[in-house]
Amino acid sequence: AEQGLAEAQGMLGRAYFTGHPVPQDYAEAARWYRLAAEQGDAPAQSALGWHYNTGVGVPENAGEAARWYRLAAERGHAEAQYNLGTMYDISRGVPQDSAEAVRWFRLAAEQGHAPAQNDIGNAYANGIGVATDYGEAVRWFRLAAEVGYPVAQTNLGLAYSNGVGVEPSSVEAVRWFTMAAEQGHFLSQYHLGVAYANGEGAPHDTGEAVRLFGLAAGQDYAAAQYNL
């Protein structure tokens with residue numbers, strides 16, 4: 001790393017970030033990431049963007065975060081593409097631009113980035129940055145759900161529950177809610193509880209409904225707290 005090899009500098013930055021096999025030191029991590037990033041190492045550029053976005057190891061600077069994310073994103077780094085899309089979505093470090101957010105989300109999603117796939121699904125579902133298209137929303141939700149992303153599993157469950165973009169199916173809704181609920185997703189825990197309480201797509205089981213409402217309520221979800 002001291003000889004200027006970008007990959008080694010990036011690895012040393014990661015070592016300081018994780019605290020293995022050196023003592024954890026976020027400022028030192030950022031320093032090594034910067035050396036690698038300035039040589040065009042995309043993972044290091046993305047990591048340095050994260051440091052500026054969070055203010056960990058460096059002073060927080062959203063504009064600098066967006067700049068480093070962009071450099072990595074333009075090199076095809078999926079996580080940086082997603083993060084840059086998020087910056088455009090929430091107007092952090094760049095002007096708010098839903099269409100630009102979707103453009104970067106799509107580039108990450110096409111590389112299999114599950115959160116980006118889910119966010120494109122949300123964009124199509126709500127007509128934000130793209131024309132509303134419920135079928136396309138479901139397609140993207142499904143891609144992310146099938147690799148185990150619980151937010152997308154919840155969204156796909158809701159699509160089946162409400163018959164939006166797909167034929168309604170309480171059984172399919174319960175199947176996807178179950179997958180997300182088992183990963184601790186509060187919204188799926190709540191909707192699965194409703195399914196058990198009403199016997200829709202699942203056997204009527206008040207005890208199981210109460211258990212699931214309790215799990216969701218424990219995450220401060222008000223609707224679940226009300227149902228207990």
Side-chain angles (χ1 to χ4, degrees), residues 46 49 53 62 65-66 69-70 72-195 198 200-202 216 221 223-224:
S46 180
N53 196 32
Y69 282 150
R70 186 184 307 280
E74 289 173 345
R75 290 177 172 269
H77 192 277
E79 183 70 13
Q81 290 169 339
Y82 173 69
N83 286 331
L84 184 58
T86 301
M87 302 289 265
Y88 275 109
D89 188 38
I90 65 174
S91 184
R92 179 166 171 77
V94 291
Q96 202 284 331
D97 188 330
S98 296
E100 190 68 2
V102 169
R103 185 173 81 84
W104 288 109
F105 288 153
R106 190 183 304 278
L107 289 169
E110 288 171 349
Q111 296 190 65
H113 191 283
Q117 292 169 335
N118 180 73
D119 281 3
I120 289 184
N122 279 326
Y124 277 111
N126 296 292
I128 298 173
V130 291
T132 302
D133 186 330
Y134 296 123
E136 191 68 0
V138 166
R139 185 176 79 85
W140 286 106
F141 288 149
R142 189 182 305 280
L143 287 171
E146 286 175 345
V147 296
Y149 188 55
V151 181
Q153 291 171 336
T154 300
N155 285 332
L156 188 54
L158 288 168
Y160 276 110
S161 180
N162 297 318
V164 175
V166 289
E167 287 296 315
S169 170
S170 58
V171 172
E172 273 296 286
V174 163
R175 186 168 79 87
W176 290 106
F177 287 148
T178 299
M179 291 182 199
E182 288 173 349
Q183 295 188 67
H185 195 275
F186 71 94
L187 195 56
S188 270
Q189 290 169 339
Y190 168 75
H191 283 289
L192 192 57
V194 171
N198 296 330
E200 294 178 354
Y221 189 53

State, with a plain yes or no, whether a side-chain heavy atom of [X] is found less than 4.5 Å away from one of [Y].
| X | Y | result |
| --- | --- | --- |
| N53 | M87 | yes |
| V130 | R106 | yes |
| N118 | N155 | yes |
| N122 | I128 | no |
| L158 | L187 | yes |

Which heavy-atom pair separates [X] from [Y] by the least distance, and what is that distance?
| X | Y | answer |
| --- | --- | --- |
| F177 | T154 | CE2-O, 3.6 Å |
| A125 | A137 | N-CB, 3.6 Å |
| L84 | A73 | CD2-CB, 4.1 Å |
| A109 | A116 | N-CB, 3.8 Å |
| A62 | R92 | CB-CG, 3.7 Å |
| E167 | Y160 | O-CD2, 3.6 Å |

Rounded distance (nearest 0.5 Å) linking atom [atom1] of [X] with atom [atom2] of [Y]:
| X | Y | atom1 | atom2 | result |
| --- | --- | --- | --- | --- |
| E100 | Y88 | CD | OH | 5.0 Å |
| F186 | Q189 | CZ | CD | 9.0 Å |
| D89 | Q96 | CG | CD | 6.5 Å |
| E79 | S46 | CD | OG | 6.0 Å |
| I120 | E110 | CD1 | CD | 7.0 Å |
| E200 | S161 | CD | OG | 7.5 Å |

Centres of the Y124 and Y134 rings: under 6.0 Å?
no

Checking side-chain contact (heavy atoms from CB on, under 4.5 Å) for the pair V94/R70: CA distance, chi angles, key distance, verdict?
CA-CA 11 Å; V94 291; R70 186 184 307 280; 3.8 Å; yes

Expected output: side-chain [X] to main-chain [Y] donor-acceptor under 3.5 Å:
| X | Y | answer |
| --- | --- | --- |
| Q81 | W104 | no |
| Q183 | G148 | yes |
| E136 | G121 | no |

Aromatic ring pairing Y221/Y190, orientation class (parallel under 30°, perpendicular over 60°, tilted between):
perpendicular

